[in-house]
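Inspection log for the structure reproduced underneath, given as structure tokens.
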Amino acid sequence: METESEPYVRLATLRQLHQVMADMNTARSLADTLQTVADGVVTGLGYELACVNLVRPDGDLVVAAFAGNPAAEALITGRVGSRESWERRLSMGEQWGDLVFIPHTEGWVLDDDDVPQWYTDGPAPRFEDEWHPSDRLFAPMHTPGIQGGACGELIGVLSVDRPRNGRRPGAWGREALQMYAFQAAIAISNARLRANMQRALVRLEREQQALRASEESFRQAFEYAPSGMAIAEMGGDQHGRILRTNDALCRLLGRPASAMRRYSFSDLVHPEDIGTLLRTSAEGGRAELRLGRRDGTYVWVSLRNSVVADAADGPRFLLTHVEEIEERKRRELQLAHRASHDSLTGLPNSAELRARLSSRLCQRQTHPGALEPVDAAFGHPAYDANGHGFDYRPGGGIDVYDAYDHHVHTVAPEGEHDDGTKGLAVLFCDLDGFKSINDRFGHNAGDAVLIEVARRLSRGVRDGDTVARLGGDEFVVLADGLGRADAADLAARLRSEIIQPIRVDGRAMRVGASFGIGWAHCGMTADEVLKSADERMYVEKRSRPKQHRRAG
């Protein structure tokens, strides 16, 4: 076909182009269609070589058809080029509409990539638009866009070489190749569709009824899905009961199919994730939660629900797709842990400490008044008609809060003596003599001491208490449910643990510890609580002679 850019084209050329397009749309199979596409470039568009690179399911492109040179066809047909290399080629060079032209002056950088290539010999160009043997011209083929919109996914690339007139294609030649690639994409998509339809018809013909064929197809998709699948009952007394599971789900949870039919997902979900499961809508609902394995461990999964409806009776079953996301959740939890924990000791860091402390505190509104103290036997706050609770305070005043808020108010012991009140104790710990260890033995030794102190503090508190590193050689312990005597005893025990010798690189080192005990109560901020404990720590540190602050 002529490639000059005149505003007219010979009628014979148009007929030839029309014929090759008709041929590729009437091919009997996908393989025939691909070869017809390659042949049409040679017979209808005026190029001596043409190659059809088809996108495989894994994303790489395989040479599916070749035309114009039997030797080249035998050499590169069936060879594969990576998607990464192809994307690199399609993103460089000159954009001719939807075409990509890479002149020989730029193409040398592609000589070592893994895209199959056929090199042609020939002299160097004598004039500006003469075709060079190393010039490359590609026509991407995309699935048609919806209602004339943007192109869909890439299904392949046409690569052409050696125009018969020896020149780079002009405006008409470019337009013709671009149009041909568009039609080729439609022909290939239709050929695939026809192949799929033919396979479906073969399956249907083997079945006695279309319904049985559909059930068989669903059964195979369900049973052999690479991720977990389950069918649960909808409605009635057995709503949510698992009726059927595939092998992938049974392997994931380590439970046989017969045992799975005794459960619903609510029986298998982690107790902390029950709320997430209940909030998941049955229709198209999604959730990320933990399911229990037979060995007692839990695995993170993504649940996606779809309703299977009956034409007569409406929704009948719930189809649940279960995909393991353990690795992703592990990475997310690791990132969250790094953000909230000290990298050296592994303890909660300052931000996490303040978050945990703030979660226990609320800002109460105090309404002043000359109310008399109520009888202690009353035992609980009163409620008004609006659901607000009132705590009557000795000496006048009322603390008001929402009766429907399940927050438990944090109180603190009053006075300097143990009055029996249990509160949230905040122990602010500052190491004594730590700076001299850094100065004498270096920061590695100092880090080892901090790690051991963190371990001893964690070992000396109860489950549920928080030990955090505030920064430097400062630590904080949050211990709930303690009276003043309990808190003082805890501080003494922790100090005794810390002053024991710490061996680092064969040396025995000792540090002391000063503790300040503060009390958290609602109405305070986290910073105010920490400041109070810090101030008490400095009072305690100054009250002891320097020689007694660190043992040994």
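For the single chain, residues carry numbers from 1 onward in sequence order.
- Considering all non-hydrogen atoms of both residues, D267 and R262 come closest at OD2-O, 4.4 Å.
- Residues W300 and R330 are not in side-chain contact: their nearest non-hydrogen atoms beyond the backbone lie 4.5 Å or more apart.
- Using a cut-off of 4.0 Å between Lys/Arg side-chain N and Asp/Glu carboxylate O, E332 and K329 are scored as salt-bridged.
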Show, in sequence, the C-alpha distance, side-chain angles and deciding distance for V160 and L49, and conclude whether the side-chain contact (heavy atoms from CB on, under 4.5 Å) test is met.
CA-CA 6 Å; V160 301; L49 298 175; over 6 Å; no
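- At a threshold of 4.0 Å, the pair R356-E352 counts as salt-bridged, since one of the basic side-chain nitrogens sits closer than that to a carboxylate oxygen.
- Partner of S227 under the side-chain hydrogen bond (donor to acceptor under 3.5 Å, both in side chains) criterion, chosen from E324, R304, H321: H321.
- Atom CD of Q334 is surrounded by more than 12 heavy atoms from other residues, nucleotides or ligands within 6.0 Å.
- If you check the side chains of D114 and S82, you find a donor sitting under 3.5 Å from an acceptor.
- The environment of CZ in R28 is sparse: at most 12 heavy-atom neighbours from other residues, nucleotides or ligands sit within 6.0 Å.
- I242 places none of its side-chain heavy atoms less than 4.5 Å from the side chain of I231.
- Geometric assessment of R168 against the ring of W131 yields a negative cation-pi assignment under the 6.0 Å and 45° thresholds.
- A heavy-atom distance below 4.5 Å is found between the side chains of E94 and P103.
- Judged by distance alone, with hydrogens and angles left aside, the side-chain atoms of Y47 form no donor-acceptor pair with the main-chain N or O of S159 at under 3.5 Å.
- To the nearest 0.5 Å, the span separating CE on M229 from CG on L319 amounts to 4.0 Å.
- Between the side chain of T466 and the backbone N or O of L478 there is no donor-acceptor pair closer than 3.5 Å.
- Annotation: the span from D463 atom CG to S458 atom OG amounts to 11.0 Å, rounded to 0.5 Å.
- Under a 4.0 Å N-O distance rule, the pair D58/R56 qualifies as a salt bridge.
- A donor-acceptor pair is defined here as one N or O able to donate and one able to accept, closer than 3.5 Å; such a pair exists between the side chain of N53 and the backbone of V157.
- Nearest heavy-atom pair across L99 and P140 is CA-CD, 4.4 Å.
- Heavy-atom contacts from other residues, nucleotides or ligands closer than 6.0 Å to CG of D112 number 12 or fewer.
- By the 4.0 Å N-to-carboxylate-O rule, R328 lies close enough to E288 to be salt-bridged with it.
- Of the inter-residue distances, the one linking D161 atom CG with R136 atom CZ reads 9.0 Å to the nearest 0.5 angstrom.
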Mind running side-chain contact (heavy atoms from CB on, under 4.5 Å) on M141 and L158 for me, showing each step along the way?
CA-CA 7 Å; M141 297 181 293; L158 279 176; 4.0 Å; yes
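- In this structure, OG in S264 is found 11.5 Å from CG in L318, a value given to the nearest 0.5 Å.
- Rounding to the nearest 0.5 Å places CG of L252 at 10.5 Å from CD of E323.
- The closest side-chain heavy-atom distance from F475 to L347 is below 4.5 Å.
- Residues L253 and G292 approach most closely at CD2-O, 3.9 Å, considering heavy atoms.
- Inter-residue side-chain proximity for Y224 and N246 is flagged as unmet; no heavy-atom pair is nearer than 4.5 Å.
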Run the side-chain contact (heavy atoms from CB on, under 4.5 Å) test on D473 and L450 for me, step by step, so that the C-alpha distance in whole Å, both residues' side-chain angles and the decisive distance to 0.1 Å come before the verdict.
CA-CA 7 Å; D473 60 350; L450 291 174; 4.3 Å; yes
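- Scanning both residues, R261 and L243, for their nearest heavy atoms gives CD-O, 3.3 Å.
- Checking D135 against H104 by side-chain atom types alone, a donor-acceptor pair falls below 3.5 Å.
- Identified under the salt bridge (charged side-chain N to carboxylate O under 4.0 Å, His left out) test for residues 39-52, with sequence neighbours left out: E48-R162.
- Considering all non-hydrogen atoms of both residues, W96 and Q178 come closest at O-OE1, 3.6 Å.
- Heavy-atom minimum distance, V62 versus G78: CG2-O, 3.6 Å.
- In this structure, R255 satisfies the cation-pi test against Y263, with its NZ or CZ atom closer than 6.0 Å to the six-membered ring centre and inside 45 degrees of the ring normal.
- No hydrogens or angles considered: nothing links the side chains of T276 and D273 as a donor-acceptor pair under 3.5 Å.
- Among residues two or more places apart in sequence or in another chain, the side-chain contact (heavy atoms from CB on, under 4.5 Å) test is passed with D247 by R251.
- Across R83, R88, R89, a single residue satisfies salt bridge (charged side-chain N to carboxylate O under 4.0 Å, His left out) together with D113, and that is R89.
- One side chain, T320 or N305, offers a donor N or O that lies under 3.5 Å from an acceptor on the other.
- Aromatic ring orientation, F138 versus W86: perpendicular (interplanar angle above 60°, classes split at 30° and 60°).
- Because its NZ or CZ atom is both nearer than 6.0 Å to the ring centre of F222 and within 45° of the ring axis, R244 counts as a cation-pi partner of that residue.
- Residues R294 and P256 form a side-chain contact, since some pair of their non-hydrogen atoms from C-beta on lies under 4.5 Å apart.
- Within the 3.5 Å criterion, the main-chain N or O of L333 finds no donor-acceptor partner in the side chain of H337.
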Verdict with reasoning, I76 to F66, per side-chain contact (heavy atoms from CB on, under 4.5 Å)
CA-CA 8 Å; I76 68 174; F66 195 94; 3.5 Å; yes
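- Checking side-chain atoms of T297 against main-chain N and O of R293 turns up no donor-acceptor pair under 3.5 Å.
- Remark: the backbone N or O of A355 is not paired with any side-chain donor or acceptor of S358 at under 3.5 angstrom.
- Taking 4.5 Å as the limit, some side-chain heavy atom of Q35 sits within range of a side-chain heavy atom of E73.
- L137 is listed as a side-chain neighbour of P169, based on a closest heavy-atom distance under 4.5 Å.
- Taking OG1 of T345 as the reference point, atom CG of D447 lies at 10.0 Å (rounded to 0.5 Å).
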